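Please read these numbers as outputs of a predicted model, since none were measured by experiment. For the single chain, residues carry numbers from 1 onward in sequence order.
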Amino acid sequence: GWSAQHRGDRAEQQDRVVVLRHPRARAVVLAVVADGVGGSSGGALAAEQVISTATRCFQGFVPAHDDPHAFFRGLVDELDTALWVAGVTGGLRPRSTMAAVLVQPGRADWCHVGDSRVYHQRGRRIRQLTGDQTVHQGDAALVAALGAGTAPSVSPGRMRTLRTGDLFVLCTDGIWNQLAAREIASCLAVLAPPDAADHLIGLSRRRAQGRGDNCSVVVVRLDPADTAPPAHAAPVQGPTAARAPGSRAPGVGPVRLGV
């Protein structure tokens, strides 16, 4: 997987991204983007919490045994509760969106909260897999977020028909507010994933004309090992309470992560 980020024209980078290979099953990959909500009220801390919690939970995930949708629901519930409690006790409002894709041999699953998006691209055809989530407070429509105190709507999706070369694209609103899906698809169709990630950031920055949000994108390309159906073997066992390593520090960008 590859990623790129830029702070945009904001004072602080509140997006966070990570691409992880499973420590005991290298063909299993988790990609996550998080977009902190609330400015100085704890958005960056919330996005950081999304990444560190996802990392820890992924280390406890047992491939070929655990249900990916149960994994995502557990992750969302834990994050929503932890961020809500942190806000009540700390006097902040730490909230964050999240989009995540879990790739295992022969299947891909995804989940999101808020308006961070997941796309799937095959050849030149791209499809948005997630729908932007909002909550209504009076006459205002606000982006749904983890830590907001309202139970997030969780509707994980899955795909079993995978092909070598398929792409999953995760991005924050700093990307999709500036670029149509067809523009993302055109870029990914002609550029290698790391170059495409950088190009999407650069194009978003030019479109923003000095008024841009934080922008982040992750590209995951499927190799033959990702598209093959899983072998009938015993599940990979391992500890379920491994501690998360320190998450990656955000860069003003663009920054690439590779696995």
Which distance, rounded to the nearest 0.5 Å, do you find between the CZ of Phe61 and the CG of Leu30? 9.0 Å
Evaluate the side-chain proximity of Asp15 to Val33: yes if any heavy-atom separation is below 4.5 Å, no if none is. no
Arg205 and Asp9 ion-paired at < 4.0 Å: yes
Measure the shortest side-chain to side-chain distance between Asp226 and Leu162 over non-hydrogen atoms and say whether it is less than 4.5 angstrom. no
Interatomic spacing from CE in Met159 to CZ in Arg127 - rounded to 0.5 Å: 5.0 Å
Going by heavy atoms in the side chains, are Arg158 and Pro68 under 4.5 Å from each other? no
Parallel, tilted or perpendicular: ring planes of Phe58 versus His22, cut at 30 and 60 degrees: perpendicular
Spacing of Glu183 atom CD and Leu188 atom CG [to the nearest 0.5 Å]: 12.0 Å
ring-ring contact (aromatic ring centres under 6.0 Å, His included) involving His199 - partner list, sequence neighbours excluded: none
Side-chain heavy atoms of Thr172 within contact of Ser216, under 4.5 Å: yes
Kindly list each side-chain donor-acceptor pair under 3.5 angstrom involving residues 93-106, sequence neighbours excluded, with atom names and distances?
unit_1	atom_1	unit_2	atom_2	d
Ser96	OG	Asp35	O	3.4
Thr97	OG1	Asp35	N	3.3
Thr97	OG1	Ser116	OG	2.6

Nearest heavy-atom neighbours spanning Gln14 and Val37: OE1-N, 4.5 Å
Between the CZ atom in Arg117 and the OG1 atom in Thr130, the distance rounded to the nearest 0.5 Å is 7.0 Å
Compare every heavy atom of Val217 with every heavy atom of Ala197, then report the nearest pair and how far apart it is. O-CG1, 3.8 Å
Connected via hydrophobic side-chain network under 4.5 Å: Val154 and Val32: yes
Can you give me the closest heavy-atom contact between Leu222 and Arg163, atom names plus distance? CB-O, 3.9 Å
Run the salt bridge (Lys or Arg N to Asp or Glu O under 4.0 Å) check on Asp166 and Arg122 step by step: do they pass? CA-CA 5 Å; Asp166 279 2; Arg122 178 170 292 165; 2.6 Å; yes
Kindly compute the distance separating CD (Gln121) from CD (Gln128), expressed to the nearest 0.5 Å. 13.5 Å
Closest non-hydrogen atom pair between Ser204 and Leu179, with its separation: OG-CD1, 3.4 Å
I'd like to know if the side chain of Arg16 and the backbone of Ala34 have a donor-acceptor N/O pair within less than 3.5 Å. no
Calculate, to the nearest 0.5 Å, the distance between atoms NE2 and CG belonging to His112 and Leu170 respectively. 11.5 Å
Tyr119: partners by ring-ring contact (aromatic ring centres under 6.0 Å, His included), with sequence neighbours left out: none
Validation row: Gln178, Leu203 side chains within 4.5 angstrom (heavy atoms): no
Can you name the closest pair of heavy atoms from Cys171 and Ile175 and give their distance? CB-CB, 3.9 Å
